[in-house]
Amino acid sequence: MIRVLHIIQQLGPGRGGVRTFVSTMLDCPAPDIEQSVLSVGRVEGDRFGERFFGPLIDSYSPLLVGTLGAKRLGAFLSKHRFDIVQIHTNNALGFVFASEAKKAGVPSRIVHCHNSALGSTSRLKNMVNVAMIERFLPSASERWACSEVAGEYLFQGAGYTLVHNGVDSDKFRFSSSDRAAVRHRLRIPGNATVIGFVGAGIPAKNTLRALDIFNQLRSSEADSRLLLFGQAEELPLAKEKAAKLGLSESAVFIGTVDDIWRYYSAMDALLAPSFHEGLPIAFIEAQANGLPILSSDAVTQEADLTGLLKRAALSLSDKEWADLLVTCAGKRELTAEADYVPFLDKAGYTTRSLYEQLSDRYRNMTKGA
């Protein structure tokens, strides 16, 4: 039996990319691979059932998680046998955890990058991050990234392997019955334009700008709705801004849901004016649904697997963004009738391809052990 431990820095209440990726991998049907999850830092929201460990330290502080948390991680790994640790990260702490795993005798240590930037404008924090990467990078026996831009950011020119985010593409296909049911439940007029936003409150997702863009769109389409999913640290600010803009009825904060595929079918476009991204799982899900996407050009062009993604500069005005969004949403009637899943299958972004790729890699890492 191959024992794999997924290590995460912390676990927030939302449906983030790392949570989704790990949840997907825990469903891998390979009978010879046993997977579990450990959170070093604070945990909020749903856990992963019996196969979950942690938190090792009840804090979100990167300093505490990277010092006391890392020390406790090393002690934990010394007491429990794992063949592989897969460390999900977007900063140098991934290498610090790999260093502790190496000292504890874990033979295979994967550092898996899920984002394309540190997420801080602090020059000091970025300098410290780079210095720590240089110091601890050799501790990783494998380097994986969700996209080329993410790999170049974290691994600083060292080699890495691309591991695509996989989704259950059949589940996310467009459904006219789901579209009607969700719109009926949310009391949305049948002809209203519905915009989706995933990752509400996450600073990198730029929720406040999304509200400004939507507010501009409403000046020409009064019946439009913005559905916001997730619940992160900037959510109170976002709700306050929505109220000030007079969007209390039209900006609907859904929170975290377990059936987001139904909501994709209800939407006409997905909005993502992000400051930075890796390759968002939400983009893969949306494309399986045939949903047009308008994102910032901080999102890598790699994310466009189907021709459904339109990228725009954050420097454009809210009016320019709103006009582009209307154009994207106007294509929904046609894209809903098309089947985009074969594009995802071919590119390797389905759960089928993810399970095959990672199962083979796990087995190769432990071959001869």
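Counting from 1, the numbers follow the sequence of the chain as shown.
Within the 4.5 Å cutoff, side-chain heavy atoms of Ser39 are placed close to those of Phe52. Here the side chains of Lys310 and Leu308 are not in contact, with every heavy-atom distance at 4.5 Å or above. You'll find the side chain of Gln9 stays beyond 4.5 Å of the side chain of Tyr60, heavy atoms only. Using a 4.5 Å heavy-atom threshold, the side chains of Ile84 and Glu142 count as separate. Between Tyr160 and Leu154 the shortest side-chain heavy-atom distance does not fall below 4.5 Å. Side-chain atoms of Thr300 and Glu277, non-hydrogen and from C-beta on, never get closer than 4.5 Å to each other. A 4.5 Å side-chain heavy-atom check between Asp259 and Trp261 finds at least one atom pair inside the cut-off. Inter-residue side-chain proximity for Ser23 and Arg19 is flagged as met; some heavy-atom pair is nearer than 4.5 Å.
Using a cut-off of 4.0 Å between Lys/Arg side-chain N and Asp/Glu carboxylate O, Glu249 and Arg225 are scored as not salt-bridged. Using a 4.0 Å cut-off between charged nitrogen and carboxylate oxygen, Arg183 and Asp223 do not count as a salt-bridge pair.
Taking each heavy atom of Ile110 and Trp144 in turn, the nearest pair found is CG2-CD2, 3.5 Å. The minimum heavy-atom distance between Val111 and Gly94, with the atom names listed, is CG2-O, 3.6 Å.
Enclosure of atom CE in Met1 by more than 12 non-hydrogen atoms of other residues, nucleotides or ligands within 6.0 angstrom is indicated. Arg185 CZ: more than 12 foreign heavy atoms inside a 6.0 Å radius.
Remark: Asp297 engages no residue in a salt bridge (Lys or Arg N to Asp or Glu O under 4.0 Å) (not counting sequence neighbours). Not counting sequence neighbours, the partners of Tyr263 by the ring pair (Phe, Tyr, Trp, His ring centres under 6.0 Å) test are Phe229. Under the salt bridge (Lys or Arg N to Asp or Glu O under 4.0 Å) criterion, Asp58 pairs with Arg42, sequence neighbours left out. In terms of the ring pair (Phe, Tyr, Trp, His ring centres under 6.0 Å) criterion, residue partners of His6 (sequence neighbours excluded) are, by chain and number, His88. With sequence neighbours left out, the side chain to side chain contact (heavy atoms under 4.5 Å, CB included) criterion links Arg218 to Phe214, Ser224, Leu247, Ser250. Contacts of Asp318 classified as side chain to side chain contact (heavy atoms under 4.5 Å, CB included), with partners at least two apart in sequence or in another chain: Arg209, Asp212, Ile213, Gln216. Take Asp360 and apply the salt bridge (Lys or Arg N to Asp or Glu O under 4.0 Å) test, not counting sequence neighbours, and it matches Arg363. Every side chain to side chain contact (heavy atoms under 4.5 Å, CB included) that Phe275 has, sequence neighbours left out, goes to Asn206, Leu314. Partners of Arg352 according to the salt bridge (Lys or Arg N to Asp or Glu O under 4.0 Å) rule, which considers only residues two or more places apart in sequence or in another chain, are Asp170, Asp345.
Ring centers of His276 and Tyr153: at least 6.0 Å apart, outside the cut-off.
Among residue pairs with one or both ends in residues 287-333, none qualify as ring-ring contact (aromatic ring centres under 6.0 Å, His included); sequence neighbours excluded.
For the atom pair CG of Leu227 and CD1 of Ile260, the computed distance is 9.5 Å after rounding to the nearest 0.5 Å.
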Pair up each side-chain donor or acceptor in residues 287-296 with any protein partner under 3.5 Å, not counting sequence neighbours, and list the distances.
unit_1: Gln287; atom_1: OE1; unit_2: Leu305; atom_2: N; d: 3.0
unit_1: Gln287; atom_1: OE1; unit_2: Thr306; atom_2: N; d: 3.2
unit_1: Gln287; atom_1: OE1; unit_2: Thr306; atom_2: OG1; d: 2.8
unit_1: Gln287; atom_1: NE2; unit_2: Phe283; atom_2: O; d: 3.0
unit_1: Gln287; atom_1: NE2; unit_2: Ala303; atom_2: O; d: 2.8
unit_1: Asn289; atom_1: OD1; unit_2: Arg332; atom_2: NH1; d: 3.4
unit_1: Asn289; atom_1: OD1; unit_2: Arg332; atom_2: NH2; d: 2.6
unit_1: Asn289; atom_1: ND2; unit_2: Phe172; atom_2: O; d: 3.1
unit_1: Asn289; atom_1: ND2; unit_2: Ser265; atom_2: OG; d: 3.0
unit_1: Ser296; atom_1: OG; unit_2: Ser274; atom_2: O; d: 2.5
unit_1: Ser296; atom_1: OG; unit_2: Ala298; atom_2: N; d: 3.3

Check residues 61-68 and write down every donor-acceptor pair under 3.5 Å in which the side-chain atom is one partner and the other belongs to a residue at least two apart or another chain.
unit_1: Ser61; atom_1: OG; unit_2: Leu63; atom_2: N; d: 3.3
unit_1: Ser61; atom_1: OG; unit_2: Leu64; atom_2: N; d: 3.3
unit_1: Thr67; atom_1: OG1; unit_2: Leu63; atom_2: O; d: 2.7
unit_1: Thr67; atom_1: OG1; unit_2: Leu64; atom_2: O; d: 3.4

### Query
How far apart are the C-alpha atoms of Glu221 and Thr193, what are their side-chain angles, what is the distance that settles it, and do they pass the side chain to side chain donor-acceptor pair (under 3.5 Å) test?
CA-CA 8 Å; Glu221 301 197 21; Thr193 298; 2.6 Å; yes
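A donor-acceptor contact shorter than 3.5 Å links the side chain of Asn165 to the backbone of Leu279. Arg179 places a side-chain N or O within 3.5 Å of a backbone atom of Met267 that can act as its donor or acceptor partner.
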